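So you know, we letter chains A, B, ... as the sequences are listed, proteins then strands, and number each from 1. Being a predicted model, the structure only gives us computed values, none of them experimental.
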Amino acid sequence: MSGSDPAEVSASTDEEVQETATDHLGMRRAKLDRLRAQGIEPFPHDFDGAQSIGALRSSYEGRLDAGEEGQERVRIAGRLAARRGSGKAAFLDVVDRSGRLQVHARIDLLGEDAYERVLSLDLGDLIGVDGTMMRTRRGELSVRTDAVTMLAKSLRPPPDKHHGLQDVETRYRKRELDLVANEETRELFMTRAKIIASVRKFLDEDGFIEVETPVLQPLYGGAAARPFTTHFNALDSDFYLRIATELYLKRCIVGGLERVYELGKDFRNEGLSTKHNPEFTMLEWYEAHSDYEDVAARCERLVATAASAANYSGDLDFSPPWRRLTLRQAILDGCGIDVIEHRERDELAAAIKQRGFDVAPNDSWAQLVDELLTKHVEPTLIQPTFLVDYPVELSPFAKRHRSEPGLVERFEAYCGGMEIANAFSELNDPDEQRARFETQRAAAAAGDDESQPFDESYLEALELGMPPTGGIGIGIDRLVMLLTGRQSIREVVLFPAMREA
RNA sequence: GGGCCGUUAGCUCAAUUGGCAGAGCAGGGGACUCUUAAUCCCAAGGUUGGAGGUUCGAUUCCUCCACGGCCCA
């Protein structure tokens, strides 16, 4: 944009401003023009040396009595959130990521022109403030300013200064408005970052290395889910967005990396709900020479660590050890049906009907078990609980149980009525893995669109030899929901998936 | 996919049986040198989500559509 012509700017006089009194954008643009006409750059390039408001507040804790003025020069930067008074002295509330601080602006310290510019600031403008620290007579820590700098003019009005932004749809679609208006939202996403940082630190300190495996995959796998499909132009072939990182991470274990983790997005082409966003953040780790018991122990320690990083203070008790019970026992407790006693499909279906529950006519034995788990057990698992020892039919990548026939060494972690983790002693016998893929192929042929595609290159990797390995996937968004007390995944994802407006 | 609820000023919310669509905040003009949801005075601000229908008259009743929330599948 070229420099504005003062002659043109003068056309934007007070009469014209008055004419468009409720044209918020127009009013703000007029002020922008006026600043430029005064030779003031409304979008300067930098503003060095601003202190964090939160840090400044802490450092003045217990310092300065009410009405007292300090000597230290300070500089803060943030968004103008409120203004009180005007005549010859005004109070501004400036908000940065760490908090809010009052600024006292006086005409005798700023001079008439600068004070006039302070009065013409709009709520939402980004400003820098220089001055000295003081406490008002009522004890409010404040900056007594002698220089206010426009850092970026805001051309749109911010949401209500007191009620914030309430409309859920707008909060999700325009998260920046939510972040500007609602301190709670800012805090939530800072907490989310602390949780994720604590997870990385925990694993790094335990000798894991963070790796990055393909998001775009020629074949998807590692979970029961439908994928997103895309076209790779240069290769002229269809690719999939990953639904899990599992198979590539185990290839890293085959390669000798011993302890690996990946923290990133998975994509599942399925419905949206308060617990499902189609792209979501997953943590998976794999550790050589471990089994699912070792993984469970690490999982409960990791979650407890994350809870403390989040300053969690709710009703859930994450301290290890968590409750452990078998899947069989959990379903028996939850609905009085012993799924292992009824190992045949029709037999189980009869038992379920006898209990008065519906049975979908085409569900397999495994699907019936999964249905019982999801409907009757999962909602009751509030305190952290490991359900252990799953049927082999539900777990194509888990190693058969060392003592229980027909079961695999697998657990799922449940908390707050939600599944948050899924783990197993990894199947490393390539021939058995091949047989499991064959079973999946048969399921696919029978119409199961969540079955595992046959992955020959994964089998080749296993044939090279994978050490005994334990692995896990943890849903990070759900973990954040639990640790921040949110009921919807959309509250903890910055920009959740939304239908086009 | 089904059920229920919602959509009104920039934001937060009202509006009686179907009878001129209102307030607070923000924004505009003015007063104010310790306010903090500042206060006081004045003026302004609307295609009531969209399209139809019923009616003399629709924010209100009906149908369809869009978007969202909650619950169910």
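- Contact annotation: A:Lys31 reaches the phosphate of B:rG28 (side-chain N/O to OP1 or OP2, under 4.0 Å).
- When heavy atoms are screened at a 4.0 angstrom cut-off, A:Glu140 is found touching base atoms of the nucleic acid.
- No hydrogens or angles considered: a donor-acceptor pair under 3.5 Å links the side chains of A:Tyr60 and A:Glu72.
- Nucleic acid contact for A:Arg173: sugar-phosphate only, since backbone atoms but no base atoms lie under 4.0 Å from a heavy atom of the residue.
- Residue-level contact check: A:Thr170 touches neither bases nor backbone, having no heavy atom under 4.0 Å from any strand.
- Distance A:Lys161 NZ to B:rU12 C1': 13 Å, rounded to the nearest Å.
- Put simply, A:Arg100 has no side-chain N or O that comes within less than 4.0 Å of OP1 or OP2 on B:rA37.
- Inspection of the A:Asp448 and A:Ser451 side chains reveals no N or O donor paired with an N or O acceptor under 3.5 Å.
- The phosphate of B:rU35 has neither OP1 nor OP2 within less than 4.0 Å of any side-chain N or O from A:Arg84.
- With the nearest nucleotide of RNA chain B identified for both A:His163 and A:Phe91, A:His163 has the one nearer the 5' end.
- Side chains of A:Asn277 and A:Arg490: no donor on one and acceptor on the other come within 3.5 Å.
- Among the heavy atoms of the strands, none lies under 4.0 Å from A:Arg135.
- Straight-line distance between the C1' atoms of B:rU36 and B:rU48: roughly 35 Å, to the nearest whole Å.
- Residue A:Arg138 places at least one side-chain N or O closer than 4.0 Å to OP1 or OP2 of B:rU35.
- Close to B:rC67, at under 4.0 Å from its OP1 or OP2, lies a side-chain N or O of A:Arg499.
- Aromatic pair A:Phe228/A:Tyr220: ring centres not closer than 6.0 Å.
- Across the P atoms, B:rC65 and B:rG24 are found 40 Å apart, a figure rounded to whole Å.
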